[in-house]
Amino acid sequence: MGQSYVWHFNVVWEYRQVFVRGAGITAQLTAGSLLIGLVLGLLLGLMRSSRSGAMRVPAAVYVEAFRATPVLVQLVWLYYALPILTGFQMGPILSVSVGLGLHTAAYFAEIFRAGIASIDRGQWDAAKSIGMGYGQMMRRIILPQAVRRMIPPFINEIATLMKLTTLGSVLAVYELLHEAQNLINNTYRPLEIYTTLAVAFFVIIYPIIWLSQRLERYLKARS
Amino acid sequence: MIRISGLHKHFGKNHVLRGIDVEIAKGEVFVIVGPSGSGKSTLLRCINFLEEHDAGEIAIDGEPMGWRLAPGGKRVRDKESNVSRLRSQVAMVFQQFNLFPHKTVLENVVEGPIVVKREPPGEAAERAAALLDRVGLSDKVDAYPSTLSGGQQQRAAIARALAMQPKAILFDEPTSALDPELVGEVLAVMKGLAHKGLTMVIVTHEMQFARDVGDRVMMMDAGQVVELAPAKSFFAAPRNPRTVDFLRRLQLRESSDAA
């Protein structure tokens, strides 16, 4: 019944090197933007947890601005508009890493802020009462407790970030999706190639999500 | 040692401390009592600058806590490092213990000495072990707080406060969160400290303890000091009608007379 399509997955196997190369770039984009997102996110999260409005307001504006605009628009703006305004042009891979890093920082900031806010006020009181300064209190008392609660949402954000790297194809970055599209242009086998692509992402990302769920249950059971 | 003068504190529109003046002497066991909402815990938290007072001054051995007067007479917030240094000299024991749950009992006790006072870890651990022995927890050194009873947690918290070798310790209703059968072990430890001459400021509802261990007792109501007297006369012959009423409601006057 209906049309029967003859799958030719041997095309994919033939060009496996292309997928491996694309996966390498995807990993590179994820790692780069993750690093930027974590560092900037921690900074923004601490700023948003501050008592001082001069710290809190700029961080809040940043977070809301990046959460309320599409990430694709942010990437395109960074790649095409920023050089015109400033004369400073980053390469495509760096552009995407920085763009996704700035974007994901807004989400990491919220994870840090919520994690810090979830720690009982008594812990802050106790840390202060033995004479700890802000840095000591954060490093030794608040963050070690908060980070354990942040691990599950953290891992989810990493999975999201990895999926967002496919937007790099728009800026002609040879990550997995872009490599796949090129391959389609040469082989005329979109079904096989897109299917393989989806499976490849699933194989990489599902274990991360699975791990996050396991960890969440484990941490819940321990607390 | 702790001088409080003209202290005022608001929470929004709520005027919780309305001009407190009192001086607590070195080695004194100073007990604060009063109905809930009278401001006694807030006063205690102000002494350690966990709450920031709006007017007046708190001085620890003559050094003002939290606020300094700038040239021109304007009140400015003191440097964080000064606040921390003064806080480390006035340790605190909390109603909910507030032990650090991710650290063992020993780690809780050595945290302040090592991180804040920069003591060599070996020495700090030795002193901590001795303190834990003193509060009867030598067998719980490596336990995590969540595995301890409330009474054990509070005794560990007292050891943590003592480890800072503070000039005074503030106790904020230290037995209020405990099951009745665990109150005694914590009070016994506190009594031992009082006999060793530690300066203690204690907010409590344990009137028996206040009478037996306290040097002076201060009654607060609606953010003001209602009565301040030596412990014996405070319970035997209270002068203010509000104190009389408060003690009668706790039904302690009778037992005090009988004793």
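Letters A, B, ... mirror the listed sequences (proteins, then strands); counts begin at 1. Because the structure is predicted, anything quoted here is derived from the model rather than measured.
- Listed options A/Ala127, A/Gly133, A/Ala126, A/Pro144 were ranked by heavy-atom pairs under 4.5 angstrom with chain B; first place goes to A/Ala126.
- With chain A as the partner, the residue from B/Arg160, B/Lys117, B/His102 showing the most heavy-atom pairs under 4.5 Å is B/His102.
- Only the backbone of B/Leu99 comes within contact range of chain A, with heavy atoms under 4.5 Å apart.
- More than 12 heavy-atom neighbours from other residues, nucleotides or ligands sit within 6.0 angstrom of CZ on A/Arg67.
- Note that NZ of A/Lys128 and OG of B/Ser88 are 15.0 Å apart. Values are rounded to the nearest 0.5 Å.
- For a residue to count as touching a neighbouring chain, one of its non-hydrogen atoms must lie under 4.5 Å from one of that chain's; by this rule A/Arg140 touches chain B with backbone and side chain alike.
- Summarising the local packing, OH of A/Tyr174 is surrounded by 12 or fewer heavy atoms from other residues, nucleotides or ligands at distances under 6.0 Å.
- Within a 6.0 Å radius of CZ in B/Arg118, other residues, nucleotides and ligands contribute 12 heavy atoms or fewer.
- Although no hydrogens or angles enter the test, the distance criterion places a donor-acceptor pair under 3.5 Å between the side chain of A/Gln136 and the main chain of B/Val115.
- Side-chain contact check for B/Pro101 versus A/Gln145: some heavy-atom pair is nearer than 4.5 Å.
- For a residue to count as touching a neighbouring chain, one of its non-hydrogen atoms must lie under 4.5 Å from one of that chain's; by this rule A/Gln123 touches chain B with backbone and side chain alike.
- Looking at B/Glu52 and A/Arg51, a side-chain N of the basic residue comes within less than 4.0 Å of a carboxylate O on the acidic one, giving a salt bridge.
- Of the candidates B/Met92, B/Arg45, B/Arg87, B/Met92 is the only one forming a side-chain contact (heavy atoms from CB on, under 4.5 Å) with A/Ser129.
- For a residue to count as touching a neighbouring chain, one of its non-hydrogen atoms must lie under 4.5 Å from one of that chain's; by this rule B/Val93 does not touch chain A.
- Using a 4.5 Å cut-off between heavy atoms, B/Lys103 touches chain A through its side chain atoms alone.
- Proximity to chain A involves both the backbone and the side chain of B/Phe100, based on heavy atoms less than 4.5 angstrom apart.
- Shown here is B/Glu126, whose CD atom has no more than 12 heavy atoms of other residues, nucleotides or ligands within 6.0 Å.
- Interface summary for chain A: among B/Gln96, B/Met164, B/Arg85, B/Glu111, the most heavy-atom pairs under 4.5 angstrom belong to B/Glu111.
- With chain A as the partner, the residue from B/Val83, B/Leu170, B/Asn98 showing the most heavy-atom pairs under 4.5 Å is B/Asn98.
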